[in-house]
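Notes for the one structure printed next.
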Amino acid sequence: MYTLQDPSPKTKKAQASSLTEVRLTKAQELERMGIPPFATGFTPDLTAAALHHRFADAVFDGSEPPVSMAGRIMAMRILGKASFLKVRDGTGDFQLYLSRDGLGVDKYNLIKKLDVGDIIGGTGRPFRTRTGELSILVEEFRLLTKAFRPLPEKWHGLSDIETRYRQRYLDLMVNPSARETALARTKIVSYLRDFLACREFLEVETPMMQAVPGGATAAPFETFHHALNRKLYLRIAPELYLKRLLVGGFHRVFEINRNFRNEGISTQHNPEFTMLEFYQAFATFEDLMILTEEMLSGLAKHVTGSYKFVYGDHEVNLTPPWPRLTVREALIKHSGLTEEQLDDRNALFIKAVESGLDVRPDDSPGRLRMGLFDEFVEKKLWGPTFVIKYPVEVSPLARRNDEDPTVTDRFELYICGRETANAFTELTDPLDQRIRFEEQAEARAAGDEEAHFLDEDFLRALEYGMPPAAGEGIGIDRLVMLLTNSPSIRDVILFPHMRPEKGIG
RNA sequence: GGGCCGUUAGCUCAACUGGUAGAGCAACUGACUCUUAAUCAGUAGGUUUGGGGUUCGAGCCCCCGACGGCCCA
């Protein structure tokens, strides 16, 4: 026999509000009547969606077999000797109709112990009310879970942004848009998996805890392994491990998983975020531009029904092909700098300082160009645009261009003014890779916390020979933001990072 | 990190120039056998984000902190 525990002092304190006290009292009363307020063993045989689908056009004559359904009470309309309960399960809403005549007085009166928010199961025959609503004429019902806390208000719902993020379960219960975004995210990730799997990419998992964090320009989180007595880092990217797999002979691999970067929190940044990275041997960054057009336009069509969608105030059109622009061309077009100035380190430096950029006196021309690019160009690239020919000093893992060794065979894809994908033909030459790492190590020694670490094992792997390949990373959270028209990354992450709440956690 | 804005009942929101903190929904009591934000009558519900200050008097003014939002870096 189930027994309700006495509330602990902490629970009592949390239930100081009379609203919760009333509900606790109802649970205790039910238990005294032999009815457990937290039950188990009720198996629904029909969901709300299936109910509405199956009986959409049905004409009822009372011969339908009974169905069992379960869900959370979202509204109760009690009209004396008859009552309507609006109930929500994982697929939608349905209505239970209970009458005193149908259930008997004792059973019917139990609805007085129910509250909005409780989870119940009901069994009965489907029928249509006078106003035509498909409902269940309840013959049996059971309380499955008593809710001690009241739900947010039925009409305005839950709109407080902070509560929606902190208590996502409430957001999901009462705000359809929260559900829709979460479902869209799942749909997006599934599509990408299928897209890559169909092209014979192998999904793999590589370490999230790494002794040497690599593959991106970012500050890592540190953690500590007691048994090994050594510091470990949460990964900032899977890149160097996926490339090791290329060396090992897996020629098409991808991973969809979390990265962790120790940087500020904003509408665009969560400390942990999900990245798709994929690598294809014997391909170049040019091949990946084609692949990316196909993948993301197909994704948009799959999710929104069209190559075009709205983000914020603007329409975005992902119909391929997408324009390509070199970093130089983009700067000339959007920053006001001339050809000559772009080649003049001094002119670049002056422009950067004038623009209020955080620059160091020894910054290279490439670094200055990218600083100016971020300042003047990025937010203007609304339609999908491949930006190519990135300076070698900001691309330490990418292959140099054969004609111009100061730039790399790399692209970044911009959509809605945001970097959405980053890809390059991979650097396979271990001698060049070591030089790049050493340059990064110097920057790190000079105080750049985001500079790459030198990874000796990765160099050793390259020395065994990595097939020529191209690789790409796509930030899933930002992609979901675009396709769900979400203004904040917190809208597309079920449990976004928040500072600890006062009095809880 | 900086600037601006916000935090009032379970939820959504009011409260004039500093003068008794209110409403709707939810809850509670009662009526009501086809409701759809059910309706009707009544009742109760507050450490105004925390701390300090000014004042005869502070939700409101000042200072410090917490959390959140927006913008900037």
Side-chain angles (χ1 to χ4, degrees), chain A residues 13-26 29 60 72-88 92-105 107-109 111-118 124 126-138 146-168 170-171 173-175 219 262-270 312 352-353 355-359 371 374-375 378-379 449 486-491 496-505:
Chain A
K13 199 178 161 197
Q15 304 205 332
S17 151
S18 64
L19 288 164
T20 50
E21 223 170 64
V22 164
R23 288 160 175 257
L24 178 61
T25 304
K26 284 181 184 175
E29 285 167 0
F60 298 101
R72 189 184 296 279
I73 300 174
M74 301 308 290
M76 298 177 71
R77 287 183 281 272
I78 298 175
L79 301 92
K81 301 182 189 66
S83 297
F84 294 89
L85 305 187
K86 183 176 157 194
V87 182
R88 179 168 298 173
D93 294 349
F94 58 95
Q95 182 169 266
L96 298 181
Y97 174 74
L98 300 85
S99 74
R100 200 177 71 172
D101 287 352
L103 286 162
V105 180
K107 218 183 272 180
Y108 180 77
N109 282 342
I111 62 169
K112 288 178 184 162
K113 304 295 177 214
L114 298 181
D115 287 292
V116 171
D118 291 354
F127 77 110
R128 220 172 277 284
T129 63
R130 264 179 222 161
T131 50
E133 177 159 350
L134 184 58
S135 306
I136 303 297
L137 183 60
V138 173
K146 186 72 197 165
F148 286 155
R149 292 177 186 263
L151 251 42
E153 198 235 5
K154 63 183 172 189
W155 187 240
H156 299 94
L158 178 67
S159 60
D160 182 78
I161 291 178
E162 186 174 349
T163 309
R164 289 183 46 210
Y165 293 155
R166 285 193 195 279
Q167 295 177 262
R168 185 69 86 185
L170 277 182
D171 193 24
M173 266 182 234
V174 302
N175 289 327
N262 210 336
E263 56 198 5
I265 297 175
S266 76
T267 51
Q268 307 292 316
H269 300 85
N270 197 61
V353 171
S355 309
L357 301 184
D358 185 20
V359 288
D374 291 347
E375 174 72 11
E378 258 189 32
K379 51 184 167 283
E449 286 184 358
S486 299
S488 169
I489 197 168
R490 291 180 155 188
D491 297 323
H497 184 79
M498 303 287 279
R499 284 193 171 84
E501 190 180 355
K502 200 170 23 180
I504 265 190

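In the text below, chain A, chain B and the rest are named by the order of the sequence lines, each starting its count at 1.
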Which part of the nucleic acid does [X] contact within heavy-atom distance under 4.0 Å: base, sugar-phosphate only, or nothing?
{"X": "A:Thr163", "value": "nothing"}
{"X": "A:Leu151", "value": "nothing"}
{"X": "A:Gly157", "value": "sugar-phosphate"}
{"X": "A:Lys26", "value": "sugar-phosphate"}
{"X": "A:Asp160", "value": "sugar-phosphate"}
{"X": "A:Tyr165", "value": "sugar-phosphate"}
{"X": "A:Thr129", "value": "base"}
{"X": "A:Arg100", "value": "nothing"}

Given that A:Ser266 and A:His497 both sit by RNA chain B, which one's nearest nucleotide is further toward the 5' end?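 Taking each residue's closest nucleotide, the earlier one in sequence belongs to A:His497.
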
For RNA chain B, whose closest nucleotide is more 5', that of A:Ser99 or that of A:Asp115?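 Comparing both residues, the 5'-ward one is A:Asp115.
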
Can any side-chain N or O of [X] pair as donor or acceptor with the backbone N or O of [Y] at less than 3.5 Å?
{"X": "A:Ser266", "Y": "A:Gln268", "result": "yes"}
{"X": "A:Arg490", "Y": "A:His497", "result": "yes"}
{"X": "A:Arg88", "Y": "A:Met173", "result": "yes"}
{"X": "A:Arg23", "Y": "A:Ala147", "result": "yes"}
{"X": "A:Tyr108", "Y": "A:Ala82", "result": "yes"}
{"X": "A:Lys146", "Y": "A:Lys113", "result": "yes"}

Spacing between [X] atom [atom1] and [N] atom [atom2], to the nearest angstrom:
{"X": "A:Phe60", "N": "B:rC34", "atom1": "CZ", "atom2": "C1'", "answer": "15 Å"}
{"X": "A:His156", "N": "B:rA9", "atom1": "NE2", "atom2": "P", "answer": "16 Å"}
{"X": "A:Arg23", "N": "B:rA26", "atom1": "CZ", "atom2": "P", "answer": "12 Å"}
{"X": "A:Met76", "N": "B:rA38", "atom1": "CE", "atom2": "C1'", "answer": "13 Å"}
{"X": "A:Phe84", "N": "B:rU33", "atom1": "CZ", "atom2": "P", "answer": "12 Å"}
{"X": "A:Leu85", "N": "B:rU33", "atom1": "CG", "atom2": "P", "answer": "17 Å"}
{"X": "A:Leu79", "N": "B:rC32", "atom1": "CG", "atom2": "P", "answer": "11 Å"}
{"X": "A:Tyr97", "N": "B:rC32", "atom1": "OH", "atom2": "P", "answer": "15 Å"}

So, do A:His269 and A:Ile489 sit near enough that their side-chain heavy atoms are less than 4.5 Å apart?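 A side-chain contact is absent here, since even the closest heavy-atom pair is not under 4.5 Å.
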
I want to check something: taking the side chain as every heavy atom from C-beta on, are A:Pro150 and A:Thr20 in contact at a cut-off of under 4.5 Å?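 Yes, their side chains come closer than 4.5 Å.
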
Using atom [atom1] of each nucleotide, how far apart are [N] and [M] to the nearest Å?
{"N": "B:rA9", "M": "B:rC13", "atom1": "P", "answer": "12 Å"}
{"N": "B:rA37", "M": "B:rG50", "atom1": "C1'", "answer": "36 Å"}
{"N": "B:rG1", "M": "B:rC60", "atom1": "P", "answer": "28 Å"}
{"N": "B:rU8", "M": "B:rU49", "atom1": "P", "answer": "6 Å"}
{"N": "B:rG59", "M": "B:rG19", "atom1": "C1'", "answer": "13 Å"}
{"N": "B:rC5", "M": "B:rG10", "atom1": "C1'", "answer": "26 Å"}
{"N": "B:rU29", "M": "B:rC64", "atom1": "P", "answer": "49 Å"}
{"N": "B:rG52", "M": "B:rA26", "atom1": "C1'", "answer": "36 Å"}

[N] pairs with which nucleotide, Watson-Crick or G-U wobble, both distances below 3.5 Å?
{"N": "B:rG18", "result": "none"}
{"N": "B:rA37", "result": "none"}
{"N": "B:rC67", "result": "B:rG6"}
{"N": "B:rG59", "result": "none"}
{"N": "B:rC11", "result": "B:rG24"}

[X], nearest nucleotide to its side chain (from [options]):
{"X": "A:Glu162", "options": "B:rC67, B:rC34, B:rG24", "result": "B:rC67"}
{"X": "A:Ser159", "options": "B:rC34, B:rA73, B:rC13", "result": "B:rC13"}
{"X": "A:Leu158", "options": "B:rC70, B:rU33, B:rC11", "result": "B:rC11"}
{"X": "A:Arg166", "options": "B:rC34, B:rC28, B:rG68", "result": "B:rG68"}
{"X": "A:Asp101", "options": "B:rG24, B:rU33, B:rU35", "result": "B:rU33"}
{"X": "A:Val116", "options": "B:rU35, B:rG68, B:rA27", "result": "B:rA27"}

Can you check whether [X] has a side-chain N or O nearer than 4.0 Å to OP1 or OP2 of [N]?
{"X": "A:Arg490", "N": "B:rG69", "answer": "yes"}
{"X": "A:Arg499", "N": "B:rG68", "answer": "yes"}
{"X": "A:Lys154", "N": "B:rA38", "answer": "yes"}
{"X": "A:Arg77", "N": "B:rA38", "answer": "yes"}

Flag yes if more than 12 heavy atoms outside A:Lys112 fall under 6.0 Å of its NZ atom; otherwise flag no.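 No, because the 6.0 Å sphere around NZ of A:Lys112 holds 12 heavy atoms or fewer from other groups.
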
Under the 3.5 Å rule, do the base of B:rU35 and the side chain of A:Gln95 count as making a donor-acceptor pair?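 In this structure, the two groups form a donor-acceptor pair.
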
